[in-house]
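Structure, as structure tokens:
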Amino acid sequence: MERIDLNLLKLGEDLRERVRVVATEMFGVTLEQVSAEVPPRIELGDLAFPVAFELAKRIKQATGEKRAPRAIAEELRQALETTVGVARVEVAGAGYLNIFYDRARLLGSFAASSVEVESTPAGNVEDVSNRPKLIVEHTNINPNKAAHIGHLRNGVLGDTFVRILRAAGERVEVQNYIDDTGVQVADVVVGFMHIERMMLDDVRALDASLPPERPFDYYCWDLYARVGLFYRDGDPEGKENPEKLRLRGETLHAIEAASNPTAELAEYVATRVVNRHLDTMGRLGIRYDLLPRESEILRFMWQRAFDQLKASGAIRYESEGRNAGCWVMPMDTHTSTDEHEADKVIVRSNGTITYTGKDIGYQLWKLGQLDIKFTYRMFRDYPDGHIVWATTGEQMDGADARPTAPAFGGGQIVYNVIDSRQSYTQDVVRKGVAAVAPQIGEAASVHLGYEMVALSPAACEELGLELSVEDRARPFVEMSGRRGLGVKADDLVNRLEAGALRETESRHPELSEEEKQSTAHDIAVGALRYFLLKWTRNSVIAFDFKEALSFEGETGPYCQYAAVRANSIFRKLDDAALAEAVQTFQGDADQTETRRLLETEDGNELWSLVTLAARFDEAVAQAAAQAEPAHLAKYAFQLARAFNLFYHRHRIIGEEDAARRAALIVVAHIARQQLTTALATLGISVPARM
RNA sequence: GCCCCCGUAGCUCAGCGGAUAGAGCAUCUGCCUUCUAAGCAGAGGGCCGCUGGUUCGAGUCCAGCCGGGGGCACCA
């Protein structure tokens, strides 16, 4: 990935440090932290310190002397003005210290840097192999039916966070946990065995006969909804029939026991559906390093985790009361009531392990706190050589020529991308881990929670769902796999691609079929990823087709379009135009021409685009620190908007004034590089034409 | 009962304790002979849920209240 060094961040830090030093020297006040801000308008400068207000207070506290903030700011002003890269400092308002950067000087160095970067091969990124490893776990879809938009939010959020961490220079491993032995898989197996009367060979044959528009995971989607009805004897509002529920229990036991026809069918279903999920996510550029399977976690890991939990005193055996016969973890964050026990059951009285229990074991392993060696097999590889591995119960054949799996697990921090509704369970996991491994504590486990994707009433109607009166009055309706209510991920991507293809065909009939398809695909991915990223994590998305299928306004395609426009300028310019522009800059040693250009009102506009473009690293750092990809999405949109304004105001190719033309070329180039990088970090690529 | 999240323009949402609270959509008005209008410009539209508190300064922090959502399973 191309990265320009626009080190405004460092300049800002230098200034901050200078303020701290000067405050001590001049006023004898030690400031713990100096807050800085970007002024609301470019006319007010590039950086502002409201530090004089704080100093006035501190001086008064220390000496009783009352000093006006403006006067204090005045004194600081002179000390800051001598900093390299700073043109001037002004005191404004009640005492703001506004810093104006030396535009011509900085733009000159950005220009040089932006050209160097272009000659560096893409992908030549910093070596991160000796960084501590971070693990991000995401997607985690039950392998029993097609992925829906809620799963997409998880995958896109997780994948983008991974890209953000990597852009911030971190080493990251991506895991996608596969619950191949849970109730949800068992339900679909019940459907095949007891509704369809099929066993493994029949299901295989069925799978092979399915049309491409209704693949195996789609079939399971419908079947799963039918199983829900089956348990209730066909009445959606009815009670579950205990006879039929017993089938579920038997199936679950058979799956756990392994090596029997039911378990083989379950394994087939889970593996096929996981493959479909990887296809779906792959369409959006989402990939994984490892698929840990619950079956292996149970077989090879649980006992060790259980021993450690007992030894640490994190869990205790209940010999009486409601939880008699269970191993429980006491949770003091919740209080017992008539309806709710305060303690969380980890091992049931029948000896089986709850999901939370398994999750604690898995989390301990991810954090390198369980000395377990799994065996791995190649699950899938991609054209570029990337391999997705899966845990396996089999021993590897010694003569096997396949590449050796990397050392998985052992992360310093583990981010779990999981629906906010599971925050309580995540609390339990975090506390369990901290009890077993106090040296890493709770801070090593991060729950990257997000709110659900629900359906707008309009979306429900479009899906042919009749709504109750109260549902219609609500802002959104929750999706339900059990009711088969939801928007399948592939359906949505298909619709986006079809829409983008229509537009591309009407705009660019000259393109080849293949080019049109690939453009439409890029646009569809851009639209969908941006759509899922523009909301902050704790905002419920009320999914609406019109909004999700839009390519205008605050959307991915809007951002892509800005980058495409920028690229088209350079396509029409001579190859040497950029190098010449930089040379013009360097030839103008005193930068008098550049200075003249940038200090006008017009120059304000150019300069604000440059400083915004320069803030990419800041946006990444903020998104990483707050684990909030939406910040970066908003940044990309802002940058695209600023570029579109610039594009509208200035004609580059026809510009006669050489110095001006050079400046415009350099600004456009910096903006397109930063925008392209920002979009790539969001997993959005820029097509050649739109 | 307890815990968590949310309440900002007609709608959907941004907003790090700092200057005149911003986008997109929707409505209205302009702008395509141009490096592509998937665009640009402009207009209207706000007791930032309420009441107190902390602060030089509060949409942002604290407390209480009101309204909405989610959770507190021997489900996952």
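Throughout, a chain's letter reflects where its sequence line sits, starting with A, and its residues are numbered from 1.
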Taking only the [atom1] atom of each, what is the distance from [N] to [M] in whole angstrom?
N     : M     : atom1 : value
B/C5  : B/G42 : P     : 39 Å
B/C11 : B/A26 : C1'   : 7 Å
B/C13 : B/G70 : P     : 15 Å
B/A19 : B/G57 : P     : 14 Å
B/C6  : B/U12 : C1'   : 14 Å
B/U8  : B/U55 : C1'   : 22 Å
B/A9  : B/G22 : C1'   : 10 Å
B/A21 : B/G45 : P     : 14 Å

Legend entry - Aromatic centroids of A/Y558 and A/F637 separated by under 6.0 Å: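 Ring centres of A/Y558 and A/F637 closer than 6.0 Å.
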Inset, instruction - For residues A/F53 and A/Y96, establish whether the separation of their ring centroids is below 6.0 Å. - result: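 They qualify: ring centres under 6.0 Å apart.
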Legend entry - Sequence neighbours excluded - salt bridge (Lys or Arg N to Asp or Glu O under 4.0 Å) pairs with any residue from residues 559-576 of chain A: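 Applying salt bridge (Lys or Arg N to Asp or Glu O under 4.0 Å) to every pair that reaches into residues 559-576 of chain A, excluding sequence neighbours, yields nothing.
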Legend entry - Carboxylate-amine/guanidinium contact A/E605 A/R649, below 4.0 Å: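 Result for this pair is yes, salt bridge flagged.
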Legend entry - Salt-bridge contact A/E32-A/R58 (side-chain N to carboxylate O under 4.0 Å):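 A salt bridge is present here (some side-chain N lies under 4.0 Å from a carboxylate O).
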Inset, instruction - Specify the glycosidic conformation (syn or anti) of B/C62, with syn defined as within 90° of 0. - result: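 Anti, angle beyond 90° from zero.
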What's the [atom1]-[atom2] distance between [X] and [N], to the nearest Å?
X      : N     : atom1 : atom2 : value
A/F531 : B/C25 : CZ    : P     : 14 Å
A/Q61  : B/C56 : CD    : C1'   : 11 Å
A/Q638 : B/A23 : CD    : C1'   : 9 Å
A/F637 : B/G22 : CZ    : P     : 15 Å
A/R651 : B/C32 : CZ    : C1'   : 11 Å
A/F476 : B/C6  : CZ    : P     : 14 Å
A/H648 : B/C40 : NE2   : C1'   : 4 Å
A/R565 : B/U34 : CZ    : C1'   : 12 Å

Legend entry - Position toward the 5' end of RNA chain B (nearest nucleotide), A/I652 or A/A500: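 Mapping each residue to its closest nucleotide by heavy atoms, the 5'-most match is A/I652.
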Legend entry - 5' priority, RNA chain B, between A/A640 and A/I569 [closest heavy atom]: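 Counting from the 5' end, the first nearest nucleotide belongs to A/I569.
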If only side-chain N and O atoms of [X] are considered, is one of them under 4.0 Å from the OP1 or OP2 phosphate oxygen of [N]?
X      : N     : value
A/R507 : B/A38 : yes
A/Y561 : B/A38 : yes
A/S568 : B/U36 : yes

With [X], which residues qualify under side-chain hydrogen bond (donor to acceptor under 3.5 Å, both in side chains), at least two apart?
X      : answer
A/D179 : none
A/T555 : none
A/R153 : none

Counting any heavy atom closer than 4.0 Å, what does [X] reach on the DNA or RNA strands: base, sugar-phosphate only, or nothing?
X      : value
A/I653 : base
A/I523 : base
A/S506 : nothing
A/Y558 : sugar-phosphate

Legend entry - side chain to side chain donor-acceptor pair (under 3.5 Å) contacts in which one or both residues fall within residues 629-642 of chain A, not counting sequence neighbours: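 Side chain to side chain donor-acceptor pair (under 3.5 Å) check on residues 629-642 of chain A returns A/E554-A/K634, A/Q626-A/H631.
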Inset, instruction - Quick one: which residue pairs count as a side chain to side chain donor-acceptor pair (under 3.5 Å) with a foot in residues 535-548 of chain A, not counting sequence neighbours? - result: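 Matches after skipping sequence neighbours: A/S456-A/D544.
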List the atom pairs, donor and acceptor, that lie under 3.5 Å between side-chain atoms in residues 38-47 of chain A and the rest of the protein, sequence neighbours left out.
| residue | atom | partner | partner atom | Å |
| --- | --- | --- | --- | --- |
| A/D46 | OD1 | A/W607 | NE1 | 2.7 |
| A/D46 | OD2 | A/Y101 | N | 2.8 |
| A/D46 | OD2 | A/W607 | NE1 | 3.4 |

Legend entry - ring-ring contact (aromatic ring centres under 6.0 Å, His included) partners of A/F306, counting only residues at least two apart: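 For A/F306 the ring-ring contact (aromatic ring centres under 6.0 Å, His included) partners, ignoring immediate neighbours, are A/W302, A/W327.
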Legend entry - Listed partners of A/Y362 passing ring-ring contact (aromatic ring centres under 6.0 Å, His included), at least two apart: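 With sequence neighbours excluded, A/Y362 shows a ring-ring contact (aromatic ring centres under 6.0 Å, His included) to A/Y177, given in chain and number order.
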Legend entry - Dot-bracket pairing map - RNA chain B, Watson-Crick plus G-U, both contacts under 3.5 Å, | cross-strand: (((((((..((((....[...)))).(((((.......))))).....(((((..]....))))))))))))....
Inset, instruction - Please confirm whether the backbone N or O of A/E505 pairs with a side-chain atom of A/H508, one donor and one acceptor, at under 3.5 Å? - result: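 Checking the backbone N and O of A/E505 against the side chain of A/H508, no donor-acceptor pair under 3.5 Å is found.
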N/O to N/O distances under 3.5 Å, protein versus nucleotides 74-76 of chain B:
| residue | atom | partner | partner atom | Å |
| --- | --- | --- | --- | --- |
| B/C74 | O3' | A/R348 | NE | 2.8 |
| B/C74 | O2 | A/S349 | N | 3.3 |
| B/C74 | O2 | A/S349 | OG | 3.1 |
| B/C74 | N3 | A/S349 | OG | 2.7 |
| B/C74 | N4 | A/R322 | O | 3.4 |
| B/C74 | N4 | A/A324 | O | 3.2 |
| B/C75 | OP2 | A/R348 | NE | 2.6 |
| B/C75 | OP2 | A/R348 | NH2 | 3.4 |
| B/C75 | O5' | A/R348 | NH2 | 3.4 |
| B/C75 | O3' | A/R348 | NH2 | 3.3 |
| B/A76 | OP1 | A/R348 | NH2 | 2.5 |
| B/A76 | OP2 | A/R348 | NH2 | 2.9 |
| B/A76 | OP2 | A/Y355 | N | 3.2 |
| B/A76 | O3' | A/D179 | OD2 | 2.3 |
| B/A76 | N6 | A/T425 | OG1 | 3.4 |

Inset, instruction - Take nucleotides 8-19 of chain B nucleotide by nucleotide from the 5' end and write B, S or -, depending on whether a protein heavy atom sits under 4.0 Å from the base, only from the sugar-phosphate, or from neither. - result: ----SSSS--BB
